[in-house]
Amino acid sequence: MGKNIYGLLNEVETDFTEYEELELSSQELEQHKQRIMMEVKGMENRLSKDSNRAHRQGRRKSKVWMKAAGVAAACVIAIGGAAAANPVLAKELFSDVFGKLIQNAQGEKYEKEETEMFTKIGENAIAVQSEVESRQDEEGFITTAESNGVSVSVSDIYCDGYVLYFTATLQTENEDLNQADGIVLEAKDGRSAGITLEGIEMEGYSTRPFEKSEDGTFVVANQIDLLNPTDMNLQAVDLKLGEKDSIVVDWNVWNLIGYHWDQWGSNGDYEPTGRVDGEWHVRFPVTIDKSVNETFAINQEQNGITVKSGIKTKAGLVLEVELPDFRQEPYNDPYNDPDLAICDAQGNALQWMNQKSDLHEDGTSTMQIMVLYDGQEDLSFHVTTKDEEPVSLAEIGFQVP
């Protein structure tokens, strides 16, 4: 499909004059956004099936998408009431960074994975502005930074205590940068774009480039690992998240280089379009939302491998497992490094988000593994050798309540 549901909404012509325009607080805006995002996700699934059916029956896809646009417009009016029917508000809800990220993923190698990730995280994210407004007694927050004709703005935040996502938009009138497919944050003094949590400079996580979207802006979603955070010296950091309900993030961006993704120089590197040097510093608060996190016991063992427990978060599942020393009998893995996966009932591996591994002196280890989770009840933990002909060492089934 050439366009997603978010892009279609901006093409729908609807007469909104009969609706009353209302001013919404950031909290009310978030409530509307979450309800509509959930409806849109279900609508996309239904419309995808309609499109496939139309293709099989030889009908034009455009008719299916005309129907989609009409339903989407109706969704805005029906779900959001008078406030969501406001055309300015509708544009804000559906032209957000997550919508652009999903649209950018279409046709790419990892379209399915990125669409699933951005949809699930987007459904549970909140606007950074609502975070700032909730801390009116605090100062020094900067959600938009400008330097040398380039602005960088933070938009959305997701944090469940195990992983933190934040989205950002880059806008510029610089002709060289605007020719690019993506903009890379170049290292400065041997460092990548700097992330500081609670005043501790972390190992550089913000390595993803800004990707160009259809409206000419550049967007990105950055992930920060809170399960196993490390500082610039790759030493483990205790952020004491169990004692805090919020943290402050500083994000420093220095040099920007635009690139064409389908053009290469003589040395095989991507062809640059231009460069802008400067300094962009944003600072924003993040609420660590553990309100829906749910821990449950599993305690299933097979072949010396134990799945102890799980934790459901807003968008993820954290599994705690005990692993033996795989160098020993009967495993005989010289690297002590088999493949691990959490699979659904159909055997499909859930998308890996992050992990933490504590290696013990006897070669055994305790791991926490986080995967993207969307409500599946019947799951299994798979351990497989990395041989040319892989051997299954364990397949431990469990249920998520």
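Numbering starts at 1 and runs along the sequence shown. Just so you know, these numbers use all the heavy atoms, side chains as well, and skip hydrogens, waters and symmetry mates.
Residues Asp333 and Arg327 are not paired through a salt bridge, judged by the lack of any N-O separation under 4.0 Å between the basic side chain and the carboxylate.
Take Lys112 and apply the salt bridge (charged side-chain N to carboxylate O under 4.0 Å, His left out) test, not counting sequence neighbours, and it matches Glu116. The salt bridge (charged side-chain N to carboxylate O under 4.0 Å, His left out) test applied to Asp358 returns no partner, not counting sequence neighbours.
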Apply the test salt bridge (Lys or Arg N to Asp or Glu O under 4.0 Å) to residues Asp176 and Arg275: give CA-CA distance (whole Å), side-chain angles for both, the deciding distance (0.1 Å), then the verdict.
-> CA-CA 7 Å; Asp176 293 333; Arg275 173 188 178 112; over 6 Å; no
Before giving the answer on salt bridge (Lys or Arg N to Asp or Glu O under 4.0 Å), spell out for Asp225 and Lys356 the whole-Å C-alpha distance, their side-chain angles and the decisive distance to 0.1 Å.
-> CA-CA 10 Å; Asp225 177 12; Lys356 178 181 180 181; over 6 Å; no
Going through the distances and angles, do Gln368 and Gln355 end up as a side-chain contact (heavy atoms from CB on, under 4.5 Å)?
-> CA-CA 6 Å; Gln368 287 180 296; Gln355 70 179 56; over 6 Å; no
For the pair Phe98 and Thr119, evaluate side-chain contact (heavy atoms from CB on, under 4.5 Å) and give the outcome as yes or no after the intermediate values.
-> CA-CA 7 Å; Phe98 282 108; Thr119 300; over 6 Å; no
Given the rule in the side-chain contact (heavy atoms from CB on, under 4.5 Å) test, do Ile157 and Phe284 qualify, once you have shown the distances and angles that lead to the verdict?
-> CA-CA 10 Å; Ile157 302 170; Phe284 54 94; 3.8 Å; yes
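Between Asn178 and Phe218 there is a side-chain heavy-atom pair separated by less than 4.5 Å. Looking only at side-chain heavy atoms (C-beta outward), Leu340 and Trp352 come within less than 4.5 Å of each other. With a 4.5 Å cut-off on side-chain heavy atoms, Tyr165 and Met353 count as touching. Using a 4.5 Å heavy-atom cutoff, the side chains of Ile342 and Ile369 are in contact.
The stretch residues 392-401 participates, sequence neighbours left out, in these side-chain hydrogen bond (donor to acceptor under 3.5 Å, both in side chains) pairs: Asp378-Gln399. Residue pairs meeting the salt bridge (charged side-chain N to carboxylate O under 4.0 Å, His left out) criterion with at least one partner in residues 245-261, sequence neighbours excluded, are Asp250-Arg283. Within the structure, salt bridge (charged side-chain N to carboxylate O under 4.0 Å, His left out) pairs that include any residue of residues 286-302 comprise Asp289-Lys314, Glu294-Lys312 (at least two apart or interchain).
In terms of heavy-atom proximity, Met370 sits nearest to Val163 at CE-CG1, 3.7 Å. Between Pro285 and Val132, the shortest heavy-atom contact is CD-CG2, 3.9 Å.
Formation of a donor-acceptor pair under 3.5 Å by the Thr306 side chain with backbone atoms of Lys308 is not found in this model. With Thr313 contributing its side chain and Gly316 its backbone, the two residues share a donor-acceptor pair below 3.5 Å. One N or O on the side chain of Asp96 and one on the backbone of Gly99 form a donor-acceptor pair closer than 3.5 Å. A donor-acceptor contact shorter than 3.5 Å links the side chain of Gln376 to the backbone of Asp374.
Remark: the Tyr158 side chain and the Asp160 side chain contain an N/O donor-acceptor pair separated by less than 3.5 Å.
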Result block: side-chain N/O donor-acceptor pairs under 3.5 angstrom for residues 148-155, not counting sequence neighbours:
from: Asn148; atom 1: ND2; to: Asp277; atom 2: O; distance (Å): 2.4
from: Ser153; atom 1: OG; to: Thr144; atom 2: OG1; distance (Å): 2.9

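Using cut-offs of 30° and 60° on the angle between ring planes, the pair Trp251 and Phe166 is perpendicular.
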